[in-house]
Peer 1: 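Handing you a structure now.
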Amino acid sequence: MAAQQHLYLVDGSSYIFRAYHRLPPLTDPEGTPVGAVYGYTTMLWKLADDLDKADGPTHLAVILDKDSQSFRNEIYPEYKANRPPPPEDLVPQFPLIRDATRAFSLPCIEEQGLEADDLIASYARAAQREGWNVTIVSSDKDLMQLVGEVDGARIDMLDTMKSQRIYIEEVEEKFGVKPELVGDVLALMGDSVDNIPGIFGIGPKTASKLIAEHGSLTAALDAAEDMKKSKLKERLLENRADAEMSRVLVELKEDCDLPEPLEDFKLDGVPPEPLSAFLEKHGFTSLLRRLDAGRGSPDRPNNLHPEKATTKGDAGTAEGNRQPLPEMEAVDRSKYETVQTLERLEAWVARALAAQVVAVDTETNSLDAMRADLVGVSLALGPNDACYIPLGHGSSDMFAEKPTQVPLEEALAALRPLLEADEVVKVFQNGKYDLNVLARYDITVGPIEDTMIISFDLDAGRGQDGIGGGHGMDELSERHLGHTPIPFKEVCGTGKKQIPFGEVPLDKATAYAAEDADVTWRLYQHLKPRLAIEGGTRIYERVDRPLIPVVAQMERHGIKVDRAHLSRLSEEFAKETGRLEKEIHELAGEEFTVGSPKQLGDILFDKLGHKGGKKGKSGQYSTDQSVLERLAGEGAPIANKVLEWRQLAKLKSTYTDALQEAINPDTGRVHTSYSLVGAQTGRLSSTDPNLQNIPIRTAIGRQIREAFVPDAGNVLLAADYSQIELRLAAHMADVETLKEAFANGEDIHARTATEMFGEVTRDTRARAKTINFAILYGISRWGLAGRLEVEPDEAQAMIDTYFQRFPGIQRYIMETLETVRERGYSETLFGRKTWFPRINSKNQAERQGSERAAINAPIQGTSADIIKRAMARMMPALREAGLGHVRMLLQVHDELVFELPEGDVAAASPIIERVMAEAAAPAVTLSVPLGVEIGTGKSWDAAH
DNA sequence: CGGATCACG
DNA sequence: GACGTACGTGATCCGA
């Protein structure tokens, strides 16, 4: 029996539109935009790769739309009439789609007066009649009508953007009906893009419900008569004709003449020319490399090096960020080596030195790098070419016999030349952790690369829809390699049963640890080339990569905290909260848990009968600060007591108690952990403990800052950027008035007050300040109205005045949004991207949320870039001045905290100020000065 | 484990 | 027809 034939029909036109909106605006060496073509090319490649695979294509053709007119226009002149013209930089890419298809030596079918959908339908049916299987490469919902099986020949669909097969179940999931009824559903719901009317007011949900219930469009329309009186009934009766015409419009023409016979679509491998010439012409160098690597032809993709497999293609989108799974040599854990002798270790080190690129991972007994003891090291030099070097296994009694291991000192001596070699790149996943662990053994690792940071610089913000946009190894491995690494909990257990890694038997430990290095190596090969292609090199090389060892060093420094001071505060707060609690209970007339917003709400609004209680969607009264302040103003003494109680309880539990516990017994200091990938905008975040939210705004809270102190003989120095985000907004939106004010060193909120209200008073300045921030955060009249306690109309008037007084701001907002809508990401002045997959969401709240975030991201992100650059340059600048002993301890978004001998303040201050003020240069020249304020003192509080 | 609250820039 | 309205974080507590 002959092998089953399998025809792939590629819907080229719809693909290019989607690719355009999902991919960055790349241009080729001649400046022609080619982003969408690049996506299309990688997609074709992937399909050609699948040749010879089970279910892979034996025949393939690309189907294109010839022009916008079709027989449907004769039925309904408005058909597709309100389609906006394609974007300017997409137009020149249309002909390139044909070029790309020909470059792959694939047939390309288009026909005057016929839409691609009709050709696809006709070819699909023709092939099905021959008993072939058919896969339609498209996600067009109209085509879903075709899905199904006739006499053992099936038609399915493939959405390459989402790597998703669509068969009957998927269609049913989407439309709630069998494929053959999809046309009926479409006829009811209409399609605004194609301008198919459907019935107004009936969306996908109602349409599929009606069709599922009645079995067909006609039946549903007939049934309308007997429905009970409703909007729906009216609409069905009134618009029957529209629905019936829509049914004709969505019907696919399955009997077109076939311009070329099916047999001509036979796939026969892809000759290297003209493909290579095409790739070269358009600067697709990574694909060109793949072509060269694959013995000169992509027709045997399995011979390609796995690391050269699909690079970008269809990364994260509003609808998901799964990439097509690249071809790769499958992970084979049996190939890993457990290194137990010095001889073998030296052999690995020698090979690594020769390889120039080695992935490294350390295993320890703690997540806290500052307390973690080294348990082992793994290395990877290529796919499955990895080893684990156990160093601290079996230190407890769980091992009957301690396993054979290279003694720690000897092993470190052997590894040191590798880890410190200038000419060998060490690749880590979250290298900051490993750097800190190894620093405890006096090993200064470098140079390093970091797959977590690379991923962040490429994909920050993707997966805001909860589909997974994280940068952890397991997630990256799933997403990019299609491989699930052994979960940590499978090796060490979880909860109470968790054992330290050092107690894991060597075979299991090797499988886990060597795999981590293996996966890191693969991820690096996969992600690193994308940086250049997608314009991520600048931010990675100039901002984030240099920062890794700097932040690692800051974490190791830590900051001294006065335990006695905190303990005293804890006691005071405890006494005070206890006293308040009693008073609150008396006022309430019963005892209850003050810390429970639920109980408090019931007491305030039900029992005590206060007015204006608002329940949120959790069905619970809101009792937050603003509510309690209102009640207090209305003369409810209990509200003030609760506010006071809350403040003290918060300070005690979050700060005075927790910080004491965070003091490292070895160093006597507190070592936070900064996340370099925590904030989508590029900011750092701080955890365990968070030292970026230590109180400062109230006097009581500031007492906690007094506990942060220098060593004897030293002082703390705090250097703050003044109004950096507003300055950047003035520069980026090019607002003359604001730039001038900053140039003259004016009080910017006062200046805003003058412009807005004509005079500066306490009140107008405060309002101006609120408005200034509101602008940075993407304003709405209601939001501003709430903050300023005015009517939305008045807030709108203020916004209008603001835009009028500061021309440029509105234009900046519009332009930013337009760019983000088009490209899917925002960009900082230094080229940092933040993706907004929901910017074009149909859900208004979702979309508007993304819009506000997108307005803010370039500003907040540029500020983050600038302070990061200052941090990376800081120690070299200080060292040059003989101040290498100055320690940079903390970063709080626009502030750096240093510790230094009292006598060095005068020498260090101007250097710190200069490095911070000039941190944008030379990459970016700002049209506003960056102001830096410096203070010193015997505590963090005193330094402000 | 999610929601509410509140600490910071 | 109602929703929900300022950006970015992390820690703690309560209660299901």
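Quick note on labels: first sequence line is chain A, next is B, and so on, each numbered from 1. Computed from a predicted structure; not experimentally measured.
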Peer 1: Could you please name the option among C/dA6, C/dC7, B/dC6 that lies closest to any side-chain atom of A/Arg787?
Peer 2: C/dA6

Peer 1: Looking at every heavy atom in both A/Thr656 and A/Leu566, which two are closest together, and how far apart are they?
Peer 2: CB-O, 3.8 Å

Peer 1: Using a strict heavy-atom distance below 4.0 Å, which residues from residues 768-780 of chain A are in contact with DNA chain C?
Peer 2: A/Thr770, A/Phe773, A/Ala774, A/Tyr777, A/Gly778

Peer 1: Taking atom types as modelled and ignoring hydrogens, do the side chains of A/Arg646 and A/Thr623 form a donor-acceptor contact shorter than 3.5 angstrom?
Peer 2: yes

Peer 1: How would you label the contact of A/Ser622 with the nucleic acid (heavy atoms, under 4.0 Å): base, sugar-phosphate, or nothing?
Peer 2: sugar-phosphate

Peer 1: Tell me whether the guanidinium CZ or amine NZ of A/Lys833 lies under 6.0 angstrom from the six-membered ring centre of A/Tyr825 and within 45° of its axis.
Peer 2: yes

Peer 1: Among the candidates C/dT5, B/dA7, B/dT5, find the nucleotide nearest to the side-chain atoms of A/Pro695.
Peer 2: B/dA7

Peer 1: At 4.0 Å (heavy atoms only), tell me whether A/Ser675 reaches a base, stays on the sugar-phosphate, or touches nothing.
Peer 2: nothing

Peer 1: Would you indicate what A/Ile696 reaches in the nucleic acid, counting non-hydrogen atoms under 4.0 angstrom: base, sugar-phosphate, or nothing?
Peer 2: sugar-phosphate

Peer 1: For residues 646-658 of chain A, which residues have at least one heavy atom under 4.0 Å from DNA chain B?
Peer 2: A/Arg646, A/Lys650, A/Tyr655

Peer 1: Quick one: label A/Ile859 by what it contacts on the DNA or RNA (base, sugar-phosphate, nothing), any heavy atom closer than 4.0 Å.
Peer 2: nothing

Peer 1: Give a yes or no answer on whether the side chain of A/Ser863 reaches the backbone of A/Ile859 with a donor-acceptor pair at less than 3.5 Å.
Peer 2: no

Peer 1: Does anything in residues 621-634 of chain A form a salt bridge (charged side-chain N to carboxylate O under 4.0 Å, His left out)? List the pairs, not counting sequence neighbours.
Peer 2: A/Arg630-A/Glu634

Peer 1: Return yes if a side-chain donor-acceptor contact under 3.5 Å exists between A/Gln810 and A/Gln804, otherwise no.
Peer 2: no

Peer 1: Decide side chain to side chain donor-acceptor pair (under 3.5 Å) for A/His557 and A/Glu899; before the verdict, give the C-alpha distance in whole Å, the side-chain angles of both, and the deciding distance to 0.1 Å.
Peer 2: CA-CA 10 Å; A/His557 284 325; A/Glu899 180 172 5; over 6 Å; no

Peer 1: Just to be sure I follow the notation: if a pair is Watson-Crick (purine N1 to pyrimidine N3 plus N6-O4 or O6-N4) or a G-U wobble (N1-O2 and O6-N3), each under 3.5 Å, what dot-bracket string does DNA chain C give, with | for pairs to another strand?
Peer 2: ......|||||||||.

Peer 1: Among the candidates C/dG8, C/dC7, B/dC8, find the nucleotide nearest to the side-chain atoms of A/Thr681.
Peer 2: C/dG8

Peer 1: Using whole Å, report how far CD of A/Gln723 lies from P of C/dC7.
Peer 2: 20 Å

Peer 1: Looking for any heavy atom pair under 4.0 Å, which part of the strands does A/Asn693 touch: base, sugar-phosphate only, or nothing?
Peer 2: base

Peer 1: For residues 779-802 of chain A, which residue pairs pass the ring pair (Phe, Tyr, Trp, His ring centres under 6.0 Å) check, not counting sequence neighbours?
Peer 2: A/Tyr802-A/Phe806

Peer 1: Please report, rounded to the nearest Å, how far the C1' atom of C/dT5 is from the CG atom of A/Leu788.
Peer 2: 14 Å

Peer 1: What nucleotide among C/dG15, B/dT5, C/dG4 has an atom nearest to a side-chain atom of A/Ser596?
Peer 2: C/dG15

Peer 1: Which nucleotide in the set C/dG8, C/dC3, C/dT5 lies at the smallest distance from any side-chain heavy atom of A/Gln844?
Peer 2: C/dC3

Peer 1: Given B/dT5, B/dC6, C/dA6, which nucleotide is nearest the side-chain atoms of A/Gln625?
Peer 2: B/dC6

Peer 1: What pair of heavy atoms forms the shortest contact from A/Phe708 to A/Leu659, and how long is it?
Peer 2: CZ-CD1, 3.7 Å

Peer 1: For A/Thr828 and A/Gly861, which heavy atoms make the closest approach, and how far apart are they?
Peer 2: CG2-C, 3.5 Å

Peer 1: Looking only at side-chain N and O atoms, does A/Gln796 offer a donor or acceptor that is under 3.5 Å from a partner on A/Asp800?
Peer 2: yes

Peer 1: Expressed as a whole number of angstroms, how long is the span from A/Glu933:CD to B/dG9:C1'?
Peer 2: 15 Å

Peer 1: A/Ser685 side chain N/O closer than 4.0 Å to the phosphate oxygens (OP1, OP2) of C/dG8?
Peer 2: no

Peer 1: Any idea which of B/dC8, B/dA4, B/dG9 is nearest the A/Asp894 side chain?
Peer 2: B/dG9

Peer 1: Tell me which nucleotide among C/dC7, C/dA16, B/dC8 gets nearest to the side chain of A/Arg697.
Peer 2: B/dC8

Peer 1: Answer yes or no: does a side-chain N or O of A/Arg683 lie under 4.0 Å from OP1 or OP2 of C/dG8?
Peer 2: no

Peer 1: Rounding to an integer number of angstrom, what distance separates C/dA6 and B/dG2 when you compare their P atoms?
Peer 2: 24 Å

Peer 1: If you check the A/Gln599 side chain, which of C/dG15, C/dG4, B/dC8 turns out closest?
Peer 2: C/dG15

Peer 1: Can you run down the salt bridge (charged side-chain N to carboxylate O under 4.0 Å, His left out) pairs that involve residues 672-699 of chain A, sequence neighbours left out, and say none if there aren't any?
Peer 2: A/Arg683-A/Glu725

